[in-house]
Trainee: 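Have a look at this one before I ask anything.
In this text the structure is predicted, and so the values were computed from the model without any measurement. Order of the sequence lines fixes the chain letters, A, B, ..., with proteins taken first and strands second; residue numbering starts at 1 for each chain.
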Amino acid sequence: MKNVPMTPELIAKHGITPDEFKLILDILKREPNLTELGIFSVMWSEHCSYKNSKPELRKFPTSSAATLVKAGEENAGVIDIGDGLAIAFKIESHNHPSAVEPFQGAATGVGGIIRDIFTMGARPVALMNSLRFGEIRGDSAQAKTNRRLFAGVVSGISHYGNCIGLPTVGGEVYFDESYSGNPLVNVFCLGVLRHDQIQRGKATGEGNPVFYVGAKTGRDGLAGAAFASRDLTEESKEDRPAVQVGDPFLEKLLLEACLELFRHPEAVVGVQDMGAAGLTCSTCETASRAGTGIEIDLAKVPQRETGMTPYEIMLSESQERMLIIVRKGHEKTVLDIFKKWDLDAAEIGHVTSDGIMRVKNHGETVVEIPARRLADEAPVYSREARQPKPAPQLCAENLPQPDSRASLLKLLASPSIASKRWVYEQYDHMVRNGATVLPGSDAAVVRIPFETHDGVVFKNLAMTTDCNGFYCLLNPKVGGLIAVAEAARNLACSGAHPLAVTDNLNFGNPHHPENFHQLRECVEGIAEACRFFNTPVTGGNVSLYNQSPAGAIDPTPTIGMVGLIDDPTHITTQWFKQADDAIILLGGVGPSCLGGSQFAKEILGRKEGPCPEIDLEKELRLHDSVRAAIRMGLVKSAHDCSEGGLAVALAESCFAPSEAIGAEVDLSALENGKLADDVLFNESQSRVILTTRWENAGALLECLSARGQEATRIGRTGGDHLKIRLSSGQLEWAVTEMQNAWEECLPKCMGS
Amino acid sequence: MKFGVIQFPGSNCDQDVFHVLKHVLGQETVYLWHKDESLQGADAVIVPGGFSYGDYLRCGAIARFSPVMRSVVAHAAAGGPVMGICNGFQILCESGLLPGALIRNKGLHFVCRHVHIRSETPQTPFTCQIRTGAALKIPVAHGEGCYFADDATLARIEKNGQVVFRYCDAYGRLDGDATGACGSINPNGSRNNIAGICNEKRNVLGMMPHPERAAERELGSTDGLALFEGLAHTLALKGCLQ
């Protein structure tokens, strides 16, 4: 084992560059053995070390007055929500595994992010996911593959989340050719804890025992982190062994056992889940954070298979495992709790003071690496960035003018805009009795019970995930700004003020200067918007190498944002509530043209710019105005204008789950010289549709204008048609006709 | 009176049922751990939803062998009320407390949505306060909720009035297709639209929909509360008679 010669081929196969190998020699003062090489390879992969993105990530604001644990300090950031309560939340990708094995790839993505949250001491209470697939319509082999991936990912998420008993309350799904063969599976989890329950991933206290708890180690997911840090190719299916297999039942046991153990703070020193890079990452990171060393013996690690080598045990990414550093003398507490839940708990080593991560196998030392240098001193690269050649621009003068009536129906029946019922009905979104706004509205709302002297009361959290990759492709900086602005807008529409952000940066191979340019610009946009909205980034994930032979994906920096609603009576949804309410449009028809719109892509078949513009001052004024109006009790429904523009937003507002309601609006006074399609479908930002009781319209308009918010009464709810008057004439759709187009799209595509 | 909520390791609706009984109804409620035989003096037992032991073999197939289920079977035999919800219904069928079985949804997908169920009989401790024919809005969330029984069994439970709930539309009508497809009134293809049944002695109820998820206004429906209130009412009466 020690005698495997370090050939350039072997080193390259582990994704280690010659310079990195020199650094390893410098750290060890000798040649690594194969196990050590494997350990460096996974720890220094992009997935674990962020070596290509770290300088960019430093641009994010990471704290606000509510921050209890900052990004990067621990597995997930922690944010104060008052009354001694806090939330931990994070988003993480499982793109590569899902591309080769969609069901298990997505399922284990859910499992991994749940562990990140309960590792912090929080009880997970809600999941969301942000998904991207290639085109699913048509009979091409590619469309069939994309449908298989879509169906597999949804059932994988459903399997894991439903079984473990966490509601999947929201998220988003978009379809675009750039994701063909390289789907994005970003999974978000949020948990709740009391301030005094925060757990740390630190191996402090020399001599404290190190426990391994949960599932046995097998050969699944070998070097998965390294696999995720490469391009996807035809040969990627050969990497199927790098995909882990999930067992949600086991994770449920692990979750309950860990939370029960954490109620004994005297017994627990530190906790770290075994996710990417498994045992390797959890041991060296806990030691590095504490400035200590750690010594384990692999013979004591519970194993599912016989004959596993140290290399395999250290690099396995078997799921549902945790590392717990226990205070000496409290071993029995751990053993008793894990026995109650019928789980393995094995003392595999102890904390040392020499700063070395030392791994033995039946007493023989097989790994000796300085923990901090391995965990924290991965090389950091500033990659070359080059602006790609600009996308073609739509020119308003000679655009075709297809039938606007048919265009709206087509947009509603396009997979990115269509109803996602086919997806979210496969998820148990109601378990835990928390979801007070079910999937389908601008943001999900979840109530969190907590005990007070007066009995059980609730906190109301709103959450959303957002990102428009098309905008980011056209203008990465503005796309990043808009992703954050839209998330904050969705929260405002639900009655919430935003607290913090988690981000999942999905990009192509960073060695291509164009891809790196996109990453840098998107990060700058996100950072600027997060500072502006006072929503620190509490953590997240970077997924690079989202690249198939056809090229890179559209840059997709998914934003997960969480907000608080002060009073349950402020919870607001997007649907019209009753007939004869006044419809108020905030932000008019907007300054932007059809560039970057779903209309351009779906109707004109032109993926062209320019990207919609955004003015953050105007955006924040809009959010503050919406929240103020909601707090005054003047708002019956609130919906933002996003993909598909004003017409799609109006149509969606008609589709109330209990009873659909039509509307009559007149936009002829607002057109500003724009053509009909531009008025209806442009995706100008900073716009919201509110409804209010007819008699309150005056008060609402006054409240808005006092804040300098542009607002116009455009019509009234009621009837079973959506009627839109333009200067060129009136358009009319039966609500059932629109709703059928919108509801039937995904079931038709997916054959059920 | 005292309610007991069973906790299998993979139960995940246990806390929801507990919350409704304790905080919404204000009743004394305890958890009953699967490894314990004691029912802690509970007058009524709820077997909540979830995935009891992971359910990789067959839903509820292993749970029936747990120590606590031996006591539940004895409690039922003595006439004590038992209510199985979702996975709990599957477990009661596997345990032989209820006839028939729950198989994979006809649409093959897990389905979570609000449905309507029609109350078919007031002659159970659970439905005693619900008007027959009333359509209750209560959510389902299951992958294996298609009720199946052979023709003879089905004829028998129909004749005995053991069908307690049927999937229906918002007005209590049963007509419409039974394909289990998206949008149809029968979400899983159950025979005779069956959503819930009781035993011959009528003290054991199993149902796929989750009444505990429809017991607070904030969650979109309070129609499920009537079952728990009915049960509390029955127990209170029984207490008076004793």
Trainee: Is there side-chain contact between A/Pro248 and B/Phe51, with at least one heavy-atom pair below 4.5 Å?
Mentor: no

Trainee: What distance do B/Arg113 atom CZ and A/Arg421 atom CZ have between them, rounded to the nearest 0.5 Å?
Mentor: 7.5 Å

Trainee: Given B/Cys112, which partner from the list A/Val431, A/Asp428, A/Leu438, A/Asn162 fulfils the side-chain contact (heavy atoms from CB on, under 4.5 Å) test?
Mentor: A/Asp428

Trainee: Name the region of B/Lys137, side chain, backbone, both or neither, that has any atom closer than 4.5 Å to a heavy atom of chain A.
Mentor: neither

Trainee: Closer than 3.5 angstrom, by distance alone: can the side chain of A/Asn433 be matched with the main-chain N or O of B/Cys13 as a donor-acceptor pair?
Mentor: no

Trainee: Determine whether B/Gln7 and A/Glu256 make a side-chain contact, defined as any pair of heavy atoms from C-beta on separated by less than 4.5 Å.
Mentor: no

Trainee: Output the option from A/Ile164, A/Leu166, A/Asp247 having the highest count of non-hydrogen pairs under 4.5 Å with chain B.
Mentor: A/Asp247

Trainee: Can you tell me which portion of B/Val140 sits under 4.5 Å from chain A's heavy atoms? Options are side chain, backbone, both or neither.
Mentor: neither

Trainee: Less than 4.5 Å to any heavy atom of chain A: does that hold for the side chain of B/Glu218, its backbone, both, or neither?
Mentor: both

Trainee: Taking atom SG of A/Cys163 and atom CG of B/Asn87, what is their separation to the nearest 0.5 Å?
Mentor: 9.5 Å

Trainee: Determine whether A/Met430 and B/His114 satisfy the following criterion, side-chain contact (heavy atoms from CB on, under 4.5 Å), listing intermediate values before the conclusion.
Mentor: CA-CA 10 Å; A/Met430 302 183 197; B/His114 273 286; 3.8 Å; yes

Trainee: Give a yes or no answer on whether the side chain of B/Asp16 reaches the backbone of A/Arg432 with a donor-acceptor pair at less than 3.5 Å.
Mentor: yes

Trainee: Which answer fits B/His19, side chain, backbone, both or neither, if we ask what part of it has an atom under 4.5 Å from a heavy atom of chain A?
Mentor: side chain

Trainee: Compare every heavy atom of A/Phe249 with every heavy atom of B/Pro9, then report the nearest pair and how far apart it is.
Mentor: CG-CZ, 3.9 Å

Trainee: Does A/Lys340 NZ have over 12 foreign heavy atoms under 6.0 Å away?
Mentor: yes

Trainee: Which region of A/Glu251, side chain (C-beta onward) or backbone (N, CA, C, O), has a non-hydrogen atom less than 4.5 Å from a non-hydrogen atom of chain B, or is it both or neither?
Mentor: neither

Trainee: For the atom pair CG (A/Leu253) and OH (B/Tyr53), what is the distance rounded to the nearest 0.5 Å?
Mentor: 10.5 Å

Trainee: Decide yes or no on side-chain contact (heavy atoms from CB on, under 4.5 Å) for B/His109 and A/Trp422, but give the supporting numbers first.
Mentor: CA-CA 10 Å; B/His109 293 303; A/Trp422 185 86; 3.8 Å; yes

Trainee: Please identify, among B/Lys22, B/Glu212, B/Lys35, the residue contributing the most non-hydrogen atom pairs under 4.5 Å to chain A.
Mentor: B/Lys35

Trainee: Can you tell which of B/Gly10, B/Gly49, B/Gly143 has the highest number of heavy-atom pairs within less than 4.5 Å of chain A?
Mentor: B/Gly10

Trainee: Please check: side-chain N/O of A/Lys252 versus main-chain N/O of B/Ser11, any donor-acceptor pairing under 3.5 Å?
Mentor: yes

Trainee: Is there side-chain contact between B/Leu219 and A/Arg447, with heavy atoms separated by less than 4.5 Å?
Mentor: yes

